[in-house]
2 protein chains.
Amino acid sequence: MTSRPTAPTSPGDEPSGRQRLLDVGAALLAEHGYADTTLRQVAREAGMKAGSIYYHFDSKDQLLTEVLRLGMTAVTDAFDEAVGHSRDTADPLVRLHAVVQAHLRALFEFGPYTATHVTAFHYAPKDVRSGVLPLRDAYEAKWQNLLDDLVADGALAATNTPRVRRLHLLDLMNSAIHWFDPTGTETIDDLANSIVELFWVGATNSAHSPALNTDRNSP
Amino acid sequence: MTSRPTAPTSPGDEPSGRQRLLDVGAALLAEHGYADTTLRQVAREAGMKAGSIYYHFDSKDQLLTEVLRLGMTAVTDAFDEAVGHSRDTADPLVRLHAVVQAHLRALFEFGPYTATHVTAFHYAPKDVRSGVLPLRDAYEAKWQNLLDDLVADGALAATNTPRVRRLHLLDLMNSAIHWFDPTGTETIDDLANSIVELFWVGATNSAHSPALNTDRNSP
DNA sequence: GTCTATATGTCGATAGAC
DNA sequence: GTCTATCGACATATAGAC
């Protein structure tokens, strides 16, 4: 449930060395951006000196690339799992809600790794971006296919272009990283409900769908 | 129509010195962020040397603060003008559409000054942020009041909290800076339509409102 | 108003001891 | 694996000539 990001290192041993650098690097990167995150800062918060980083990584860019890669892997896995669990569900609204919830959970609960894609990716060096772009494109394609399927099922109205429809939904979810506080009174599920409801009813011509549970005390 | 951002300097004279630095600084800031925008770069593209900047500004932070201030003034003026022009309009959807259009026009046509608020504000030094925060809060309050009025009129459903409603709409508009190309086939008005339609129908319980003109060839 | 020259600091990265 | 020490590049900012 509260599993930490899993690096290619064998699980079971407590986070040390490389893993600590990744965790700290992701946190600093998500909060301060690429340029303002210094290796000296990463090293200090990881309990070592700046020079020691180069035993684990070849460069600052490589550390950042690895953080972004792990983050995109995490949301992609969360997406696939949610799709798998809801594939037998008839109601397309429930399916949409499941993946939105999965994306938001990854964004807020998995933590800094995924958040870096919203806050730091765009201003990272070109080499870093191009190294992670295939993973990002693949993830966006998953969303595009899902929304296209919902339109094909007649569950979503075909307003706007498919691309704009996808971008609007992803913007709604990702932008929340700048203002939503998951430790506050509103839960992540509340946020998922508000976004799905907005997007869903907005993209279709019909009135309220009865399937969306807006009860804030649901498990 | 194509008026440039007006600095506190007297209008009429061609942009020189301080104004050129502001224009270049805003452009670089919007594209590369705060930390990656160097004064050497700003000076070079403005046709002068780095040291000369300090005749016009006391520090990099002050230049950035001024850019952000001008940007927020621009969107605020655009908002007020749109509200003034549509205040006598009965249809609340038309009023909402007018301000969304005004915000997007300021974001894309006025250019880098307003875009910096989306791309660079969050990662600017604390002193810079606090120096512009009152202007930002005032602008957000305008949107909050407008949406609250629409809810009070029964034009928008009172789903979610008022704050979340406002943030979602602003997120939809501002996030488009990362992917929308105003020089492409889709116009800014098209984007405004797509956002208003999504938000409007999504936030209300009724079906399509007949007032929104979705004709892409409207003047 | 703009220039040159420079002070001062911090960054990423390397080399080699332990 | 982590340390110390340091190199070279580049940043903001300053001082003073023109």
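As the structure is a computational prediction, the values presented were derived from the model and not from experiment. Order of the sequence lines fixes the chain letters, A, B, ..., with proteins taken first and strands second; residue numbering starts at 1 for each chain. As a basis for the values below, the full set of heavy atoms in this structure was taken, side chains included, without hydrogen atoms, waters or symmetry mates.
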Starting from P on C:dT4, measure out to CE on B:Met48 and report it in whole angstrom. 13 Å

Suppose we screen for side-chain hydrogen bond (donor to acceptor under 3.5 Å, both in side chains). Which residues come up paired with B:Asp127, at least two apart in sequence or across chains? none

Let me know the distance between CD of B:Gln19 and P of C:dG1, rounded to the nearest Å. 13 Å

Any A:Tyr55 side-chain nitrogen or oxygen under 4.0 Å from OP1 or OP2 of D:dT2: no

Protein-proximity profile, nucleotides 11-18 of chain C, B/S/- by nucleotide at the 4.0 Å heavy-atom cutoff, equals BBBB----

Rounded to whole angstroms, how far apart are NE2 on B:His32 and C1' on D:dA11? 17 Å

When rounded to whole Å, the CZ to P distance for the pair A:Arg44 and D:dC3 reads 13 Å

Residues which pass side-chain hydrogen bond (donor to acceptor under 3.5 Å, both in side chains) with B:Thr185, listed by chain and number, not counting sequence neighbours: none

Name all residues meeting the side-chain contact (heavy atoms from CB on, under 4.5 Å) criterion together with B:Val24; count only those two or more places apart in sequence or in a different chain, and write none if there are none. B:Leu28, B:Val42, B:Glu45, B:Ala46

Closest approach to the side chain of B:Lys49, judged atom by atom: which nucleotide of D:dG1, C:dG1, C:dC3 is it? C:dC3

Residues 131-147 of chain B vs salt bridge (charged side-chain N to carboxylate O under 4.0 Å, His left out), sequence neighbours excluded, gives B:Asp80-B:Lys142, B:Glu140-B:Arg166

Kindly state each residue pair satisfying salt bridge (charged side-chain N to carboxylate O under 4.0 Å, His left out) with at least one member in residues 26-44 of chain A, sequence neighbours excluded. none

Report yes or no: does A:Thr65 contribute a side-chain atom to a donor-acceptor pair with the main-chain N or O of A:Asp61 at less than 3.5 Å? yes

Would you kindly give the CZ-to-P distance between B:Arg20 and C:dG1, to the nearest whole Å? 11 Å

